[in-house]
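As the structure is a computational prediction, the values presented were derived from the model and not from experiment. Each chain gets a letter, A, B and so on, in the order the sequences are listed, and its residues count up from 1.
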Amino acid sequence: MTTQTVKFSIYRYDPDKDKKPYMQDISVEVEPGERKLLDALVKLKVKDDTLSFRRSCREGVCGSDAMNINGKNGLACITDIDTLKQPIELRPLPGMPVVRDLIVDMTQFFKQYHSIKPYVVNDTPPPEKERLQSPEDRKELDGLYECILCACCSTSCPSFWWNPDKFVGPAGLLAAYRFIADTRDTTINERLDNLEDPYRLFRCHTIMNCVDVCPKELNPTKAIGKIKELMIKRVA
Amino acid sequence: MVNRHVIGAHYGLRDWLLQRITAVVMLAYTIGLIFFLVMVSGASFQGWKALMGMTWVRVFTSVSIIALALHAWVGVRDIWMDYVKPLGLRLTLHVLTILWLVASLVYAVKVVWGV
């Protein structure tokens, strides 16, 4: 077992020092046990501590280390180095304001997420223990609740690039359907009203970049289709 | 300045549905036309004239042209909405698109019924 050299081309930008962003060529040695892209990035950070990126759980649960890896959004912590063509080109998530290097400002993304009220609304008196669901009703939430809000999908969506302030985006719409589909929620009509807008929902042109990049293998396009289906049900 | 976005136009479904339905109409018409071209070989002027002389073909053609105009309206409007941000310019483009589509529609229907 020997060490392996991993070559990188990394987007660098420090707004306090750099006039404009540039790509930095850099390489790092990794041990045989260090197989994920994040392992190499952590080693790079030791080599050059000005390199900035977000990471936390390092196992694909927190969604912090989403970045554009060789042109495709993904999580560094669950991407195998061996699957990537070198030099590995790393850029911040597309279409978002860059704070520094691979760190982007997620304000707009979370604004859209909050706009769909990501919590169960139920004004009826709460039961003594908890609001129950049948196993079938609960099943409807599978493939929806697993979203970790890494923003890989929304920032790979051209419709979100053009209208991040008006289009809710795949992540937000997946979350929207998660609460529309929840039988414990009593505001389904308000939720549909909230999305009945040429921008908020109907900017989705079924490009399906979101499905292509989702590190949790979720399907926002399918959720969006189900929202549209419910809207048709309401008028037809 | 606080940028307050006005959202919630309360339309969108109608246009989205319209685009899908008009697509089905156009698909049916295209298949019909291809069927004619393949089956009635040597589509001569006389053949075309006979085909377009039938009232139901004219009606079908007119409906398909209307479907095309409606379909194009939603599609082209979406492009303006995506890429043209200044409101005045966008509204002007919307109006011009409508005028162009209505003019094309009237002219096309006149041609179909004027043979």
Segment of R234(A) engaging chain B (4.5 angstrom heavy-atom cut-off): neither
Chain B contact via L195(A) - which portion, at a heavy-atom distance below 4.5 Å: neither
Taking all atoms of both residues into account, what is the closest heavy-atom pair of [X] and [Y], and its distance?
| X | Y | answer |
| --- | --- | --- |
| L13(B) | M231(A) | CD2-O, 3.4 Å |
| Y199(A) | R90(B) | OH-NH1, 3.2 Å |
| E196(A) | G12(B) | OE1-N, 4.0 Å |
| W162(A) | D82(B) | CB-O, 3.8 Å |

Neighbour count above 12 (heavy atom, 6.0 Å) for [X] [atom1]:
| X | atom1 | answer |
| --- | --- | --- |
| K216(A) | NZ | yes |
| Y22(A) | OH | yes |
| F110(A) | CZ | yes |
| D123(A) | CG | no |
| R55(A) | CZ | no |
| K85(B) | NZ | yes |

Spatial distance of atom CZ (F202(A)) from atom CG (L17(B)) [nearest 0.5 Å]: 8.5 Å
Starting at CG of N194(A), measure out to NE2 of H10(B) and round the result to the nearest 0.5 Å. 8.5 Å
Could you look at D15(B) and say if it's the side chain, the backbone, both or neither that has a heavy atom under 4.5 Å from chain A? neither
Taking every heavy-atom pair that is under 4.5 Å apart, which of N163(A), V235(A), L201(A) has the most such pairs with chain B? N163(A)
